[in-house]
J.: 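There's a structure below that I have some questions on.
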Amino acid sequence: MKSSGYPKSGKASSVIILAVESSCDDTSAAVMKDRRILSNVVASQSVHEKYGGVVPELASRAHQQNIVPVIHQALAEAKITKSMLSAVAFTQGPGLLGALLVGSSFVKSLAYGLNVPLLAVNHMQAHILAHFIEPPEPAFPFLCLTVSGGHTQIVLVKGPLEMEILGETRDDAVGEAFDKSAKLLGLPYPGGPHIDRLAAAGDPERFSFSRTEMPALDYSFSGIKTAFLNFLRKEEQRQPDFVEQNLPDICAGLQRSLIDMLMEKLVQAARQCDIREIAIAGGVSANSALRERLQQEARQRGWQVHIPRFEYCTDNAAMIAMAAHFKLQAGYVEGLQVDTDARLRFSP
Ligand code: KG4
Ligand code: ZN
């Protein structure tokens with residue numbers, strides 16, 4: 001909702017925003033003062049490890065337990081009291097509905113109690129705007145490959161609040177493909193970082209996995225997961241300890257196949273849009289082989305590549321604060337009736 005509600009006059013001249021992120025399995029709170037992050041506290045939930053994936057109800061309960069201490073810590077680290085806040089922000093979606101509701105209800109009550117503007121932030125937009133937390137900032141227009149446990153998108157970013165999805169996954173996200181494959185290998189959740197670590201000692205050329213071709217700039221990662229499962233079954237029939245004996249090569253081959261898929265469409269998008277300013281966001285951007293490959297493409301194609309610091313790649317509230325800053329500046333403020341939306345799409 002657009003209004004003329006930029007920070008209430010009469011308060012401090014600085015703009016201080018408290019933001020909360022609770023869309024999946026990390027409870028996070030951050031304080032931003034005049035576009036500078038003063039604190040960014042993240043409580044990760046270990047309760048899901050033994051289930052091999054995020055259990056939505058357990059995530060909601062853990063958010064409820066974490067939200068007060070996490071906000072207190074963020075305020076304390078920033079040396080800011082609640083009465084100094086100019087605005088509060090929460091993740092509206094996309095994400096797990098119950099998890100989103102914990103953050104939104106809490107932040108709405110803060111907005112009401114403190115009588116400050118309320119901002120609702122799109123989680124995917126925030127991942128992209130994380131690039132503006134620290135220099136060097138990407139120049140508009142740029143392309144952002146957003147790769148996480150829940151999403152895989154190529155986004156054309158024309159301005160802070162003007163984004164267009166050019167392509168996205170039709171089924172699993174690439175992080176999910178990493179995690180589900182890791183589970184088949186008996187690795188702990190989340191498996192992406194384990195595959196990354198093991199792949200470092202493996203031969204990426206020994207095994208490769210067939211994939212589904214998708215039209216235009218879209219992705220599909222469910223086919224490669226099935227191909228991987230069938231490959232393991234077949235090899236284990238021949239040699240029961242196949243995984244144990246070949247783990248680094250298996251991980252390196254899988255990782256290379258997934259990165260090839262990501263890069264093929266990204267290169268295509270860059271060519272189509274004639275854009276060389278390329279950014280990457282989301283948890284999977286922590287992958288060392290993906291980072292290396294991006295740098296390699298950058299050298300070959302004259303790309304300017306932007307990768308945020310790791311703590312701003314994974315889910316965090318600093319990126320929610322950054323997005324809230326841009327929304328507040330543009331005059332967007334929400335009423336208390338604003339709803340969370342588990343399937344939220346881009347809109348200004
Ligand atoms: O953005 P994020 O923290 O949360 C979501 O919004 O999903 O991303 C989490 C995803 C998980 O799938 C995790 O396995 C993956 O990021 N991930 C990695 C690496 N680090 C995290 N995948 C591959 N290699 C990594 N080094
Ligand atoms: Zn995320």
Side-chain angles (χ1 to χ4, degrees), residues 19-28 30 40 42-46 48-49 51-54 56 59 63 90-96 99-100 103 121-131 144-153 155 168-169 172-185 187-200 202 204 221 224-225 251-252 254-263 279-294 307-320 322-323 342-344:
V20 171
E21 153 64 30
S22 72
S23 65
C24 190
D25 60 343
D26 292 311
T27 318
S28 180
N40 180 41
V42 184
S44 298
Q45 304 176 357
S46 54
H48 309 287
E49 272 165 29
Y51 300 99
V54 178
H63 282 306
F90 67 94
T91 306
Q92 186 179 16
L96 302 170
L100 291 166
V121 168
N122 179 312
H123 181 86
M124 301 311 294
Q125 202 164 36
H127 265 304
I128 294 169
L129 295 175
H131 286 95
C144 187
L145 175 70
T146 312
V147 279
S148 74
H151 299 275
T152 310
Q153 292 180 336
V155 180
E168 63 187 325
T169 184
D172 289 352
V174 65
E176 231 174 324
F178 268 106
D179 296 340
K180 288 179 177 172
S181 306
K183 194 174 175 183
L184 295 174
L185 295 171
L187 299 171
Y189 176 85
H194 296 282
I195 292 189
D196 188 356
R197 180 177 45 82
L198 289 159
F221 290 99
I224 189 166
K225 184 189 64 193
C251 289
L254 174 76
Q255 182 170 271
R256 183 184 56 83
S257 302
L258 291 171
I259 292 173
D260 280 351
M261 289 170 75
L262 289 175
M263 292 310 298
I280 178 167
V284 181
S285 51
N287 184 271
S288 48
L290 177 58
R291 285 170 173 244
E292 209 177 290
R293 180 73 177 275
L294 268 169
I307 309 176
R309 212 188 327 152
F310 180 65
E311 65 174 301
Y312 300 135
C313 281
T314 51
D315 287 350
N316 67 87
M319 68 184 195
I320 305 299
M322 194 71 241
R343 297 179 173 275
L344 186 67

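Start at 1 and go down the list; that is how both ligands and their atoms are numbered.
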J.: Just to confirm my output: which protein heavy-atom neighbour is closest to atom 9 (C) of ligand 1, and how far is it?
T.: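 Here the closest protein heavy atom is Gly149 N, 3.8 Å.
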
J.: For Thr91 and Glu21, does a side-chain donor sit closer than 3.5 Å to a side-chain acceptor?
T.: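 A donor-acceptor contact under 3.5 Å links the two side chains.
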
J.: Please work out, at 4.0 Å between heavy atoms, whether the side chain, the backbone, both, or neither of His151 comes within that distance of ligand 1.
T.: neither

J.: As an exercise, identify every atom of ligand 1 less than 4.0 angstrom from a heavy atom of Thr314.
T.: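 Taking each heavy atom of Thr314 in turn, ligand 1 has 3 (O) under 4.0 Å.
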
J.: Need the ligand 1 atom indices (1-based, order shown) with element for anything under 4.0 Å from a heavy-atom of Ala286.
T.: 20 (N), 26 (N)

J.: For atom 1 (O) of ligand 1, what's the nearest protein heavy-atom neighbour? Residue, atom name and distance, please.
T.: Gly283 N, 2.9 Å

J.: May I ask you to list the atoms of ligand 1 that are less than 4.0 angstrom from any heavy atom of Gly150?
T.: 7 (O)

J.: For Pro190, counting its heavy atoms only, list the atoms of ligand 1 lying under 4.0 Å from any of them.
T.: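 Near Pro190, meaning under 4.0 Å from one of its heavy atoms, ligand 1 has 14 (O).
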
J.: Any donor and acceptor pair, going by atom type alone, linking the side chain of His123 with main-chain N or O of Ser22 inside 3.5 Å?
T.: no

J.: Using a cut-off of 2.8 Å, how many protein N, O or S atoms sit around the Zn ion (ligand 2)?
T.: 3

J.: Identify the two heavy atoms, one from His194 and one from Pro188, that lie closest to each other, and give their separation to 0.1 Å.
T.: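 It is CD2-O, 3.6 Å.
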
J.: For side-chain contact (heavy atoms from CB on, under 4.5 Å), just list the numbers for Tyr189 and Asp25, CA-CA rounded to whole Å, side-chain angles, deciding distance to a tenth of an Å, and then say yes or no.
T.: CA-CA 12 Å; Tyr189 176 85; Asp25 60 343; 4.2 Å; yes

J.: So, are Asp179 and Lys183 salt-bridged, with charged N and O less than 4.0 Å apart?
T.: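 No, this pair does not count.
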
J.: With atoms numbered from 1 as shown, which atoms in ligand 1 lie under 4.0 angstrom from a non-hydrogen atom of Ser148?
T.: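 Here the atoms of ligand 1 in question are 1 (O), 5 (C), 6 (O), 7 (O), 8 (O).
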
J.: Looking at ligand 1, would Cys24 count as a contact under a 4.0 Å heavy-atom criterion?
T.: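 No heavy atom of Cys24 comes that close to ligand 1.
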
J.: Polar contacts were defined as any N/O atom of the residue lying under 3.5 Å from an N/O atom of the ligand; does this apply to Asp315 and ligand 1?
T.: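 Checking ligand 1 against Asp315, an N or O pair does fall under 3.5 Å apart.
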
J.: Can you tell me if Arg343 uses its side chain to pair, donor with acceptor, with the backbone of Pro94 under 3.5 Å?
T.: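 Such a contact is absent between Arg343 side chain and Pro94 backbone.
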
J.: How many angstroms lie between NZ in Lys225 and CG in Leu184, if you round to the nearest 0.5 Å?
T.: 9.0 Å

J.: Should Gly175 be counted as touching ligand 1, given the test is an N or O pair under 3.5 Å?
T.: yes

J.: For the residue pair Thr152 and Val174, what are the closest heavy atoms and their distance?
T.: OG1-N, 2.8 Å

J.: Going by side-chain hydrogen bond (donor to acceptor under 3.5 Å, both in side chains), name the residues that satisfy it together with Glu292, two or more places apart in sequence or in a different chain.
T.: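 Partners of Glu292 by the side-chain hydrogen bond (donor to acceptor under 3.5 Å, both in side chains) criterion come out as none, since no residue qualifies.
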
J.: Contact between ligand 1 and Arg197 is defined here as a heavy atom of the residue under 4.0 Å from a ligand atom; is it met?
T.: no

J.: Checking the side chain of Ser28 only, and the main-chain atoms of Ala317 only, is there a donor and an acceptor separated by less than 3.5 Å?
T.: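 At least one qualifying donor-acceptor pair exists.
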
J.: For atom 22 (N) of ligand 1, what's the nearest protein heavy atom and its distance?
T.: Gly192 CA, 3.4 Å

J.: Go through the steps for Asn40 and Met319 under the test side-chain contact (heavy atoms from CB on, under 4.5 Å), then give the verdict.
T.: CA-CA 9 Å; Asn40 180 41; Met319 68 184 195; over 6 Å; no

J.: Which residue and atom name correspond to the protein heavy atom nearest atom 24 (N) of ligand 1, and how close is it?
T.: Asn287 ND2, 3.0 Å

J.: Judged by atom type as modelled, is there a donor-acceptor pair below 3.5 Å linking the side chain of His127 to the main-chain atoms of Asp315?
T.: no

J.: Just let me know how Asp196 lines up against ligand 1, side chain, backbone, both or neither, with a heavy-atom cut-off below 4.0 Å.
T.: side chain

J.: Tell me which protein heavy atom sits closest to atom 15 (C) of ligand 1, plus the residue, atom name and distance to 0.1 Å.
T.: Val284 CG2, 3.9 Å

J.: Among protein heavy atoms, which sits nearest to atom 12 (O) of ligand 1, and what does the distance come to when rounded to 0.1 Å?
T.: Asp179 OD2, 2.6 Å

J.: Decide side-chain contact (heavy atoms from CB on, under 4.5 Å) for Glu168 and Thr146; before the verdict, give the C-alpha distance in whole Å, the side-chain angles of both, and the deciding distance to 0.1 Å.
T.: CA-CA 9 Å; Glu168 63 187 325; Thr146 312; over 6 Å; no

J.: May I ask you to list the atoms of ligand 1 that are less than 4.0 angstrom from any heavy atom of His127?
T.: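 Every atom of ligand 1 under 4.0 Å from some heavy atom of His127: 1 (O).
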
J.: Which atom pair, heavy atoms only, marks the closest approach of Ala30 to Ala318?
T.: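 Of all heavy-atom pairs spanning Ala30 and Ala318, the closest is CB-N, 3.4 Å.
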
J.: Taking all non-hydrogen atoms of both residues, which atom of Phe221 and which atom of Asp172 are closest, and how far apart?
T.: CD1-O, 3.4 Å

